[in-house]
Protein chains: 2
Amino acid sequence: METGTTDQATDAAAVRLNVLDTLVGYHLRRTSSLFAADFADALGDLGMRQVLFGILSTIRDNPGINQGAAGKVLGIQRPNMVSLVNDLVDRGLIERRVARDDRRAFELQLTQAGAAHIETALERIREHEDLLLRDLTADERQTLIALLTRIERAGG
Amino acid sequence: METGTTDQATDAAAVRLNVLDTLVGYHLRRTSSLFAADFADALGDLGMRQVLFGILSTIRDNPGINQGAAGKVLGIQRPNMVSLVNDLVDRGLIERRVARDDRRAFELQLTQAGAAHIETALERIREHEDLLLRDLTADERQTLIALLTRIERAGG
DNA sequence: TATTGTTATACTCTATAACTATA
DNA sequence: TATAGTTATAGAGTATAACAATA
């Protein structure tokens, strides 16, 4: 007996995602990976990745921040910070100096090249976010950021 | 000269994320990984992962769907579907049958165990989403899903 | 003792190229 | 020739345990 819907969904357009579509986690997963893929496409030629950009801009907004503190606020485990910071140092984008008051810690600073690099990257990121979010009004975009921020605050 | 803000941000609470906080991609990254980690905590004992649950529920909502079609709608590459589907078959949660009309393709169906499993998982997922989203009203939650869905439609 | 950064390591996730069998 | 599924493999991303130097 025909019900009006097909039982055999081999055509992607006909596929239903009834349950998944009601789950916030699923939509976050999809949109997040959409943004990640676009970021890689848009900034891969600069050798820039989402994680690295996060570290760079955290250093820019908090000059002299410790490696560990930067990792903590970004949700990056300490062992994983090592090679990431090494990478940025090796490419001359940041400087790493032993802290005066705590010789275990490193203070991180942008170099001039790093400051220039982040400006270029930021321009491209904004262009690409504008494209990915072209269907949203400025208000809707602000609403989205506000909602996500509240989730982060409650959950982190 | 003191400006009222500190130049040395070693305390996580004092760290500013000025630039990052304005980027939708960053917030999606953080919230998505928050949900992913919580999912793993909540459903790890069932051997359930986000990807696997996505496949299971896609099969539930589209009985007899082809392996490739399921992967396509979920954004999973064909090669990566193989071991995921194998896993679900090995655990007795789905059945894989050669399609009558195309002997290259597999039709996927939930087993009874799979149907039961997905109900248990779904209950827990909803509980945990309720917890993660406890600061949002029902309306705000709907708004969030609607906004994310529109981004997926525009970008995918 | 506790903390900063490090090393080693392992596991998941994702991406690509090349193969097979069917169409 | 094109497509469904497969194999092999490599690169990110992330997690834990154990260590050295310093606090």
Side-chain angles (χ1 to χ4, degrees), chain A residues 8-12 28-30 32-41 43-44 47-55 64-89 94 96-108, chain B residues 8-12 25-26 28-30 32-41 43-44 47-55 64-89 94 96-108:
Chain A
Q8 289 275 123
T10 48
D11 176 15
L28 288 175
R29 188 174 149 85
R30 293 306 298 269
S32 162
S33 96
L34 189 64
F35 271 69
D38 188 72
F39 190 104
D41 280 355
L43 295 140
M48 198 42 62
R49 291 177 288 153
Q50 282 186 311
V51 211
L52 292 178
F53 180 80
I55 297 173
I65 191 172
N66 284 359
Q67 185 169 314
K72 191 170 188 179
V73 75
L74 290 167
I76 304 171
Q77 308 271 345
R78 236 175 251 156
N80 297 329
M81 279 294 283
V82 179
S83 62
L84 296 169
V85 167
N86 281 343
D87 187 6
L88 294 173
V89 170
I94 65 173
R96 177 171 43 189
R97 288 185 319 217
V98 173
R100 290 142 277 172
D101 56 333
D102 185 347
R103 279 158 46 222
R104 295 171 303 180
F106 284 139
E107 291 174 356
L108 305 179
Chain B
Q8 290 274 121
T10 48
D11 176 15
Y26 175 70
L28 288 175
R29 188 174 149 84
R30 293 306 298 270
S32 162
S33 96
L34 189 64
F35 272 67
D38 188 73
F39 190 103
D41 280 355
L43 294 141
M48 197 43 61
R49 290 177 290 154
Q50 282 185 311
V51 211
L52 292 178
F53 180 81
I55 297 173
I65 191 172
N66 283 0
Q67 184 170 315
K72 192 171 187 179
V73 75
L74 290 167
I76 303 171
Q77 308 271 346
R78 239 178 246 153
N80 297 327
M81 280 295 283
V82 179
S83 63
L84 296 169
V85 167
N86 280 343
D87 186 7
L88 294 172
V89 170
I94 66 173
R96 176 172 42 190
R97 288 183 320 216
V98 173
R100 292 141 277 172
D101 56 334
D102 184 347
R103 280 159 45 223
R104 294 171 303 181
F106 285 139
E107 290 174 357
L108 306 179

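These numbers come from the heavy atoms of this one structure, side chains and all, not from hydrogens, waters or symmetry mates. To find a chain, count down the sequence lines: A is the first, B the second, and so on, and within it residues start at 1.
- Contact check, A:Arg96 against C:dT4: no side-chain N or O comes under 4.0 Å of OP1 or OP2.
- C:dT14 atom P lies 16 Å from atom CG of A:Asp41, rounded to whole Å.
- Among the nucleotides D:dT6, D:dT14, D:dT16, the one closest to the side chain of B:Gln67 is D:dT6.
- Nucleotide D:dG11 holds its C1' atom 14 Å from the CG atom of A:Leu84, rounded to whole Å.
- Computed from coordinates, the A:Arg78 CZ to D:dC19 C1' distance equals 14 Å when rounded to whole Å.
- Here the closest heavy-atom approach between residue A:Asn66 and residue A:Glu107 is recorded as OD1-CG, 4.1 Å.
- Distance from the side chain of A:Pro79 is smallest for C:dA8 among the nucleotides C:dA8, D:dA4, C:dT4.
- Of the side-chain N and O atoms in A:Gln77, none sit less than 4.0 angstrom from OP1 or OP2 of D:dT14.
- As judged by a 4.0 angstrom heavy-atom cut-off over every strand, A:Asp102 is placed among residues touching the sugar-phosphate backbone only.
- Between B:Leu74 and B:Met81, every side-chain heavy-atom pair lies at or beyond the 4.5 Å cut-off.
- At a threshold of 4.0 angstrom between heavy atoms, the contacts of B:Arg103 are confined to the sugar-phosphate backbone, with no base atom among them.
- Nucleotide D:dT14 holds its C1' atom 10 Å from the CD1 atom of A:Ile76, rounded to whole Å.
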field: Candidate pair B:Phe106 and B:Val98, rule side chain to side chain contact (heavy atoms under 4.5 Å, CB included), full reasoning
entry: CA-CA 5 Å; B:Phe106 285 139; B:Val98 173; 3.8 Å; yes
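- C:dA15 atom P lies 13 Å from atom CG of A:Asp38, rounded to whole Å.
- Closest of all the heavy-atom pairs between A:Gly68 and A:Arg78 is CA-NE, 4.5 Å.
- For the pair B:Arg97 CZ and D:dG5 C1', the computed distance is 18 Å after rounding to whole Å.
- Comparing A:Ala105 and A:Ala37 by the nucleotide of DNA chain C whose heavy atom lies nearest to each, the residue mapping closer to the 5' end is A:Ala105.
- Note that CZ of B:Phe39 and CZ of A:Arg29 are 9.0 Å apart. Values are rounded to the nearest 0.5 Å.
- Protein atom CE of B:Met48 is 14 Å distant from nucleotide atom P of C:dT12, rounded to whole Å.
- For the pair A:Arg104 and B:Arg104, both in contact range of DNA chain D, the more 5′-proximal nearest nucleotide belongs to B:Arg104.
- Between A:Met81 atom CE and D:dA15 atom P there is a gap of 14 Å when expressed in whole angstrom units.
- A donor-acceptor contact under 3.5 Å links the side chain of B:Asn80 to the base of C:dA15.
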